[in-house]
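Note that the coordinates shown come from a computational prediction; the quantities given were computed from them, not determined experimentally. Protein chains get the first letters and strands the later ones, always in sequence-line order, with residue 1 at the start of each.
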Amino acid sequence: MEWLQQLINGISLGSIYALIALGYTMVYGIIKLINFAHGDVFMVGAFVGFYAIKGWGLGFFPALLFSMAFCAVFGVLIERIAYKRLRNATRIAALITAIGMSLLIEYGVIYARGAQPEAYPDNVLPSTSFNLFGAQISSQSLFILSVSVSLMIILQFIVHRTKIGKAMRAVSHDMDAARLMGINVDRTISYTFAIGSALAGAAGVIFGVYYTKIEPLMGIIPGLKAFVAAVLGGIGIIPGAMVGGLILGVVESVVSAMGFSLWRDAAAFIILILILIFRPSGIFGKNTREKV
Amino acid sequence: MKKKLASVFMASTIFAGVLAGCAGGAKESSGGGNSDTIKLGINLELSGNVASYGESMSKGIEMAVDEINKNGGVDGKKFDVVKVDNKSEAAEATNGIIKLTSQDKVTAVIGAATSGNTVAQAQIANDTKTVLIAPGGTSPTVTVDEKGKVRPFVFRTSFIDPFQGTVAANFALDTLKIKDAAIFADNSSDYAKGLSDAFKETFEAAGGKIVAEEAYVAKDTDFRATLTRIKAKNPSFIFIPGYYEEVGLIVKQARELGIDVPLVGADGWDSPKLVDLAGAEALNNTYLINHYSSEDPDEKVQNFVSAFKEKNNGEAPNAFNALGYDTVYFLADAVKRAGSTDSSKIQAELAKTKDLSLVTGVVTIDENHHPIKTATILEYVDGKQVFNTKVNP
């Protein structure tokens, strides 16, 4: 059952991409900013979780929640310091600032603790693996998938059923009109960053537990892949990010399974190019005409 | 103001130059020809990012020099050591050998710990006809230049990368009695390529079959898809030439997928971080090739280990200590046979070294100045490296 095993491998990898992509897509949906520092918030989340588990002896769930809370505050700080002043600046200025922020976080962490990798303790989650039609499923990968799916459901609930979610949708539709209707736009954007970054933090801890090795530059490639996933699903659309992430994970596993392991990263970006050429609004996107 | 500063700077440079000249002049008499001391230069990474390699080698070298000098030297000639720190940088390594050959007029230089910093010295060693011996650089390019020509004055005491691949193949065939293997190699390093090519060649020549050949790129974290593919081919052995950062994850993920065959690697595995990443349990039934093991029951090794421990507060010598130590004896043997401290005569004798018994194995120098020597195989048992066997080339 090689193919079933590969599907399981792909879904586990894809659910991590999906979690990071959710944060990307939220921020883009609301303020039209591609937050390139998002992958580095993911990295910070992985390290915070690591120190919480190793230094304070916290269990998996407390460490996950602590890392999410830390990243929420961190994300809001990034927005306040770097992006808020540029809200009315050109898109390209904000984009370049985001890249600068990303490098600042990466090398700030290297300055603070050095570049050597760290190994996550392997006893935080029970790792029994059981056999399904000849394929090995570890309890960890089931766990990752269920955490990703439940976080996405919570996120959908927040966006569609709560007052702050309503405000987010209003700001995303028309920022100025929302302001005229008495919505506190700054606060809404802060909430967006807090929620998106908390998801990245959660992804960081889950990544650490599943893939063991964390290091200061670990956010770059998953960050880019999550961006591809968000575009694939339709940037700004929450279920799209989830589906895009899972598709990307499975495609990468299939490419490796066919013996092209060295082409794995290339495959992700070929998907990005194809989607931008043939369906720029993504799988779930509707073709909307730019308003003039 | 600026002009003034510049002139002060100029003056001090000239002054320093004059001083350096004087220092060189004063020592001129001791170099070359036949004298009663053997001037030995040491050009090692004593600071910088691979300082731990250099320091370990330096300790081994000093221990050997002390031993030889205490026992009356080589034919009555004692070693006189001059040390240079190359700060783990190629440019500093070049400066270092210039100083050693032009000012100190040494007969031979030992260093550097890494291949790159040794290659940076090779040209000057050849031009000045000074013997240069690398204790640790495993790249073939240390003694052979890019045109495939042997650098006459450069030697090494460690084995080369492709050799480790040959040893791994022989280990699989002779010790593990295995006929079908898979290779999972780091595609982004010359080190892993050299190893896997040599492994494949030796293994197939002896009738073994390579059932799967896969690759990864450094910094990857997800190897499950490729490992699943390898598993489907049912190899009874997987050769993984690479560095510990990725190998740790590969070993862990392979065991999770239910791959329980022996996994074998080379000296790139040798790091405590590997045990952290893979976990002690996953590492059982894995083997690595290394230069030496302090647990080797061989008498020569055990004598060295106890002497080293006595000198260093009970600390067991690592492979770099042993290589540094061996390098001095390798040189001393040639000096003895040459009966002279003339660099050219020593060079000729070094090239003729045959069946010289050292701590890290029995050494014979081949036409490319690579040592043909024994390799040690270590096995991981509950996260600890345990001496398993020695394999002859």
Structural part of A/Phe207 lying under 4.5 Å from a heavy atom of chain B
side chain
Tell me if the OH atom of A/Tyr120 is crowded by more than 12 foreign heavy atoms within 6.0 Å.
yes
Answer yes or no: does atom CZ of A/Phe70 have more than 12 heavy-atom neighbours from other residues, nucleotides or ligands under 6.0 Å?
no
B/Glu315 atom CD, over 12 foreign heavy atoms within 6.0 Å:
yes
Just wondering, do B/Glu246 and A/Lys213 contact through their side chains at under 4.5 Å, heavy atoms?
yes
Main-chain N/O of B/Tyr216 paired with A/Ser261 side-chain donor or acceptor, under 3.5 Å:
no
Once rounded to the nearest 0.5 Å, what's the spacing between atom CG of B/Asp222 and atom OG of A/Ser12?
8.5 Å
Find the distance between OH (A/Tyr210) and NZ (B/Lys252) and round it off to the nearest 0.5 Å.
9.0 Å
Can you name the nearest heavy-atom pair linking B/Leu277 to A/Thr212, along with the distance?
O-CG2, 3.4 Å
Over 12 non-hydrogen atoms of neighbours within 6.0 angstrom of CG in B/Asp190:
no
Neighbour count above 12 (heavy atom, 6.0 Å) for B/Lys179 NZ:
yes
Scanning both residues in full, the closest heavy-atom pair of A/Ser256 with B/Ala225 reads CB-CB, 3.4 Å
Is chain A contacted by the side chain of B/Asn187, its backbone, both, or neither, given a heavy-atom distance below 4.5 Å?
side chain
Measuring heavy-atom distances to chain A, does B/Glu214 have an atom under 4.5 Å in its side chain, in its backbone, in both, or in neither?
side chain
Can you tell if the side chain of A/Leu217 reaches within under 4.5 Å of the side chain of B/Lys219, non-hydrogen atoms only?
no
Distance col, row A/Leu4:CG vs B/Thr228:OG1, nearest 0.5 angstrom, shows 10.5 Å
Proximity breakdown for A/Ser138 and chain B, heavy-atom pairs closer than 4.5 Å:
neither
Can you name the closest pair of heavy atoms from A/Tyr211 and B/Arg224 and give their distance?
CE2-NH1, 3.0 Å
Does any backbone or side-chain atom of A/Met218 lie under 4.5 Å from a heavy atom of chain B? Answer side chain, backbone, both or neither.
neither
Around B/Lys231, counting heavy atoms of other residues, nucleotides and ligands shown, do more than 12 lie under 6.0 Å from its NZ?
yes
Is B/Glu213 close to chain A through its backbone or its side chain, or both, or neither, when contacts mean heavy atoms under 4.5 Å?
neither
Could you tell me which non-hydrogen atom of A/Ala257 sits nearest to which non-hydrogen atom of B/Arg229, and how far apart they are?
O-NH1, 2.8 Å
Would you say B/Leu257 and A/Asn9 make side-chain contact, with heavy atoms under 4.5 Å?
yes
Starting at CG of A/Leu13, measure out to OG1 of B/Thr221 and round the result to the nearest 0.5 Å.
7.5 Å
What heavy-atom pair brings A/Glu2 and B/Ala232 nearest, and what distance separates the two atoms?
OE1-CB, 3.3 Å
Does a sphere of radius 6.0 Å around CZ in A/Phe269 hold more than 12 heavy atoms from other residues, nucleotides or ligands, not counting ones at 6.0 Å or beyond?
yes
B/Glu204 atom CD, over 12 foreign heavy atoms within 6.0 Å:
yes
